[in-house]
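Have a look at the structure below before the remarks.
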2 protein chains.
Amino acid sequence: MEKNLTNTQQIVLNSLEKSDQPLGAYSILFNIQKKGIKSPQQVYRALDKLIEIGAVHKIESLNSYIACKNKNCDIKKSTSFLICEKCKNVSEINDNNLTDEFSKLTKKSDFKYATHNLEIFGFCKGCR
Amino acid sequence: MEKNLTNTQQIVLNSLEKSDQPLGAYSILFNIQKKGIKSPQQVYRALDKLIEIGAVHKIESLNSYIACKNKNCDIKKSTSFLICEKCKNVSEINDNNLTDEFSKLTKKSDFKYATHNLEIFGFCKGCR
DNA sequence: AGTGTTATGTTATAATATAACAATTTTAAT
DNA sequence: ATTAAAATTGTTATATTATAACATAACACT
């Protein structure tokens, strides 16, 4: 199950795992330049792969990327996040019911569910 | 309830309403250059306002914008879309239950729901 | 070893979005 | 009505995010 990552992919993933918050591609690049990564292309290519295997998710509304904390995340392509509007903290929801609910919901519109991105904005425990 | 739009805002809105599909800001700009709109800034400022009043929504994963068909849309800031992966058709879901469901869901995490963006990918009636 | 395929490095450029400031219009107080 | 302050708009420049294109290298199969 564990994928072997290339050097660059591992460096990008480490950078994201060290951060508790999502990072933009160019922030990642800045972080890892000292390790010999020189171009955006290298970062984006690594991100593509990491996203594909479910190790990283993209948060579309922030144009940024976050490591999936969830080791057993069987949701590879769908993402669901809570984003605090005050402190900007982002946390991943791991509610497998969502897939079922969306699947049911979309049937009403004769739509065959495949994946989803969900971004919920509001205020986290500490900020409300 | 009806907002008065400025000339530029109305032109941008018309451009989106004429399109059945979402448009990027620069596509809009291209469409309306013949009407004297010259710069991205004008388009983005109009979009900001139109989004604020709920006349237009942004589809984050596509970096594009769509007119809200739903005249009585009381959901101003939240958005929910079905996106067909084959024909790229986008349609808006208008299920007010979603807000309630997300509100309940996030309570479990001690999170105070405010708004959401939901993008569901799959295959539409014609493409499945 | 030779050849086709896949991955990586590198440079350049495309696509999306905002900053900064000047010019104009609107507002609202005197 | 006059004018100062505030908000809106026009315009140029630039920042930010992402991909194209092509060269080079690594891999794998015969």
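Residue numbering restarts at 1 for every chain, and letters A, B, ... go by the order of the sequence lines.
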Among residues two or more places apart or on two chains, list those pairs meeting salt bridge (Lys or Arg N to Asp or Glu O under 4.0 Å) that have a residue in residues 54-64 of chain B.
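For residues 54-64 of chain B, and leaving out neighbouring residues, the salt bridge (Lys or Arg N to Asp or Glu O under 4.0 Å) pairs sorted by first residue read K58(B)-E60(B).
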Is the closest side-chain donor-acceptor distance between N117(B) and T79(B) under 3.5 Å?
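Yes, side-chain donor-acceptor contact under 3.5 Å.
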Protein N or O to nucleotides 23-28 of chain D N or O, pairs below 3.5 Å:
none

Protein-nucleotide distance ([X], atom [atom1]; [N], atom [atom2]), rounded to Å:
X: I37(B); N: dT9(D); atom1: CD1; atom2: P; value: 11 Å
X: K38(B); N: dA13(D); atom1: NZ; atom2: C1'; value: 17 Å
X: L62(B); N: dA18(D); atom1: CG; atom2: P; value: 13 Å
X: Q42(B); N: dT11(D); atom1: CD; atom2: P; value: 7 Å

In chain order, what residues pass the side-chain contact (heavy atoms from CB on, under 4.5 Å) check against [X], with sequence neighbours excluded?
X: N14(B); value: Q10(B), E17(B)
X: K108(B); value: D95(A), L105(B)
X: K86(B); value: C84(B), F123(B), C127(B)

How would you list all residue pairs meeting side chain to side chain donor-acceptor pair (under 3.5 Å) that involve residues 37-48 of chain B, not counting sequence neighbours?
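Residue pairs passing side chain to side chain donor-acceptor pair (under 3.5 Å), neighbours aside: S39(B)-Q42(B).
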According to a strict under-4.0 Å criterion, is Q41(B) in side-chain N/O contact with OP1 or OP2 of dT11(D)?
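Indeed not, no polar side-chain atom of Q41(B) lies that close.
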Taking only side-chain N and O atoms of Y65(A), does any of them lie within less than 4.0 angstrom of OP1 or OP2 on dA18(D)?
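The answer is yes; a side-chain N or O of Y65(A) sits under 4.0 Å from OP1 or OP2.
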Does anything in residues 83-105 of chain B form a ring pair (Phe, Tyr, Trp, His ring centres under 6.0 Å)? List the pairs, not counting sequence neighbours.
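Every ring pair (Phe, Tyr, Trp, His ring centres under 6.0 Å) pair that includes a residue of residues 83-105 of chain B, provided the two are not neighbours, is F102(B)-H116(B).
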Bounds of contact between DNA chain C and chain A, in 5' to 3' order, using a heavy-atom cut-off under 4.0 Å
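In short, chain A contacts DNA chain C from dT8(C) to dT11(C).
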5' priority, DNA chain D, between N63(B) and T6(B) [closest heavy atom]
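Nearest-nucleotide comparison on DNA chain D picks T6(B).
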Counting only non-hydrogen atoms, which of residues 20-36 of chain B are less than 4.0 Å from DNA chain D?
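Going residue by residue through residues 20-36 of chain B, none turns out to have a heavy atom under 4.0 Å of DNA chain D.
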Partner residues of K112(A) under the salt bridge (Lys or Arg N to Asp or Glu O under 4.0 Å) criterion, sequence neighbours left out
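K112(A) satisfies salt bridge (Lys or Arg N to Asp or Glu O under 4.0 Å) with no other residue.
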Using the C1' atoms of five pairs at each end, what's the angle between the two axes of the helix from dA1(C)-dT30(D) to dT30(C)-dA1(D), to 10 degrees?
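The end-segment axes of the helix from dA1(C)-dT30(D) to dT30(C)-dA1(D) are tilted 30° relative to each other.
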Would you mind listing the cluster partners of V90(B)? Hydrophobic ones only (ILVMFWY), side-chain contacts under 4.5 Å, chaining allowed.
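Its cluster mates, by chain and number, are I59(B), L62(B), I66(B), F81(B), I83(B), F121(B).
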